[in-house]
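Chain letters run A, B, ... following the sequence lines, proteins first, then strands; residues in each count from 1.
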Amino acid sequence: MTVRTRFAPSPTGFLHIGGARTALFSWAYAKRNQGQFILRIEDTDVERSTPEAVQAILDGMHWLGLSYDEGPFYQMQRMETYKKVLKTMLDAGTAYHCYSSKEELDTLRETQMQQGAKPRYDGKWRPDSGKILPEVPQNISPVVRFKNPQSGLVAWDDLVKGRIEIANAELDDLIIARADGTPTYNFCVVVDDFEMGITQVIRGDDHVNNTPRQINMLVALGATIPQYAHLSMILGDDGQKLSKRHGAVSVMQYHEDGYLKEAVLNYLARLGWSHGDAEIFNMQQFCEWFDLDHITPSAAQFNTEKLNWLNAHYIKEANLEVLADDISARLQSNGLQANIYAGHGASNLTAVPDLKSVLNLYRERANNLNQLAKDVVYFYARPQANIVDIEKHITPEVKPALQKLSQQLAVINWSAEAIHHEINAIVTEFGFKFPKVAMPLRVMLTGTAQSPSIDQVMAILGQKETLARIESFLS
RNA sequence: GUCCCCAUCGUCUAGAGGCCUAGGACACCUCCCUUUCACGGAGGCGACCGGGGUUCGAAUCCCCGUGGGGACGCCA
């Protein structure tokens, strides 16, 4: 049987890190088994579902490259199907109408809670054989409830948590269609997973408690039961639960915050899953390795430091062309693009080194794309305002050496080696240590005291621009 | 409250009864490299929640505690 997995988010917000991992695992499992991955939007909660959220989810998946083979299917567009199944169940007696009002149910729940009991439906309208039902009230549209078995055990072998058993006595008759006729979550999931031929349901473990109900319904429909894999949750960096008001952010936020998707993907893959000692691997490798046997059943805490480490790795590995495009976009959206060309007064546009070679030099030290973009801006524009401790570096003592160096640099063949040689000559001549000359150069040329090797910086900056920048400080 | 789930370094994890003196990675510390900051390299610190069993032998299996989490909606 071909493997068919699905990701079924409800469009009530963006795609957060937990959802992204669930999607990633479902996707990888399908890929690993040459199966299909299906995207299904669970939008039956009309109140909270929004088209913006749908788009946000689609955007997130697109950024991460989690492509689906079928879908997106929208549950709101499948009403006819649900109604049909609903009618079948009503006719078969596996579902029934319930006229209890919300208020009635609320008080019932309250009383039960107070008595320390598990809140549950009391079965008032459940049509058991030999039971006389209350008279049907007028002007009340009923909800539909599933007639859950009252005895026995529901059990399944969870692919990550192992065998789970729950007594039917713990379950009550859940509402599968609202008073207005729209079906509810647990029912739609069952119908869809069945009709879409889902073979493995990979989802968050907040659904463990829904599983026995869903299995019962599947059984009532004569469906084959899929396998279930319940993933534990992802905790925030501080070990706290992620929620809207605490730490939960869109995966797209990681893009904005300067992370490469490769880093996010690799990080997420290792969060709750492992393959021996493997830490760094691409998605192709992941899809070959991925299995459900090596998923941790316990919750995992998000660790930004490790994400940063992976990000640094992938920035170094990135295709230069792609990296340059990304950085360009960041500069543009931050209004920094202009700075590159504004440059220093003496700059000449055609002499400006191309972004790729600058990035190639600077990316070695970066673990974040936004930071890298900033470094690049400094390199090109060298904003005077940001130069720190200028007097500390360009002391009266070194100034003559710098002047002499400037003259020498003007007449050499421009290369990192030649520049390095020239600096060494000056250093020796004046009896300085290398940093004594290198540091002021660094500050003059890049505006900061931290930069790649100064000779390499000069080499790509170009002779003309280098000399111009030095001159502007010495005159 | 009831039911369900979980428990190895600070964090992510390896671990399927002897391969464990518990391995790797991030972080941290030290040293090396060095032209600053990084990168890189070499070391170091650091964990089986507690108690009972089972067994010749338990991180691993069982039970009981403890701690954490989840679920109990006409939300998904």
Side-chain angles (χ1 to χ4, degrees), chain A residues 8-12 42-45 47-49 75 98 100-102 105-106 109 112-120 141-145 158 160-162 164-167 169-172 174-186 188-189 203-212 230 232-233 235 237 239 241 267 270-280 293-294 296-310 312 316 362-367 375 393 420 423-424 427 433-439 441-443 446 448-455:
Chain A
S10 65
T12 55
E42 313 220 319
D43 53 358
T44 53
D45 183 357
E47 299 284 303
R48 298 196 301 152
S49 298
Q75 291 187 322
C98 165
S100 295
S101 68
K102 270 183 198 174
L105 261 18
D106 284 345
R109 214 180 343 259
Q112 288 167 328
M113 287 284 244
Q114 264 164 20
Q115 291 169 348
K118 189 168 183 159
R120 59 215 315 254
S141 12
V143 298
V144 179
R145 286 185 187 269
D158 197 276
V160 350
K161 295 193 188 280
I164 298 178
E165 292 180 346
I166 288 164
E170 292 295 329
L171 275 22
D172 64 356
L174 77 160
I175 293 171
I176 59 179
R178 304 180 179 90
D180 67 5
T182 57
T184 60
Y185 166 76
N186 273 297
C188 296
V189 167
R203 62 186 2 170
D205 72 356
D206 46 333
H207 288 293
V208 166
N209 293 277
N210 289 324
T211 308
H230 287 100
S232 58
M233 53 186 302
L235 272 22
D237 229 334
K241 188 193 172 181
Y267 180 73
R270 272 293 281 111
L271 203 54
W273 176 84
S274 62
H275 184 79
D277 288 340
E279 293 288 350
I280 292 178
D293 300 334
H294 292 83
T296 326
S298 54
Q301 192 171 317
F302 195 88
N303 185 224
T304 308
E305 296 289 353
K306 191 160 183 179
L307 208 212
N308 288 341
W309 171 70
L310 282 166
K316 287 192 200 82
Y362 272 82
R363 67 165 162 181
E364 285 301 317
R365 63 214 310 99
N367 67 2
D375 290 345
H393 296 290
H420 193 256
I423 297 176
N424 263 333
V427 163
K433 295 241 189 241
F434 200 97
K436 187 114 182 173
V437 173
M439 287 309 289
L441 284 174
R442 202 184 309 284
V443 171
T446 70
T448 77
Q450 294 88 245
S451 82
S453 296
I454 197 62
D455 48 359

Identify whether any heavy atom of A:Asn210 sits under 4.0 Å from a base atom; if not, whether one sits that close to sugar-phosphate; answer base, sugar-phosphate or nothing. base

Using a cut-off of strictly less than 4.0 Å, decide whether A:Arg48 has a side-chain nitrogen or oxygen near OP1 or OP2 of B:A76. no

Between B:G50 and B:A59 - P atom distance, rounded Å: 11 Å

Paired with B:A47 by Watson-Crick or G-U wobble geometry, both distances under 3.5 Å: which nucleotide is it? none

Any donor-acceptor N or O pair under 3.5 Å, side chains A:His420, A:Ser453: no

Residue met sooner reading RNA chain B from 5', once A:Thr184 and A:Met113 are mapped to nucleotides: A:Met113

Considering every strand and a 4.0 Å limit on heavy-atom distances, what is the contact class for A:Ser100: base, sugar-phosphate, or nothing? base

Sugar-phosphate, base or nothing in reach of A:Lys241, heavy atoms under 4.0 Å: sugar-phosphate

Presence of donor-acceptor pair under 3.5 Å, side chain of A:Arg120 and base of B:U2: no

Report yes if some heavy atom in the side chain of A:Thr44 is under 4.5 Å from a heavy atom in the side chain of A:Thr182; otherwise report no. no

Quick one: is A:Thr296 getting a side-chain N or O under 4.0 Å of the B:U13 phosphate, OP1 or OP2? yes

Quick check: does any side chain N or O of A:Tyr267 sit under 3.5 Å from a backbone N or O of A:Asn303, one acting as donor and the other as acceptor? yes

If you compare every side-chain N and O of A:His230 against the phosphate oxygens of B:C4 (OP1, OP2), does one of them come in below 4.0 Å? no

If you assign each of A:Glu305 and A:Phe302 to its closest nucleotide in RNA chain B, which residue comes earlier from the 5' end? A:Phe302

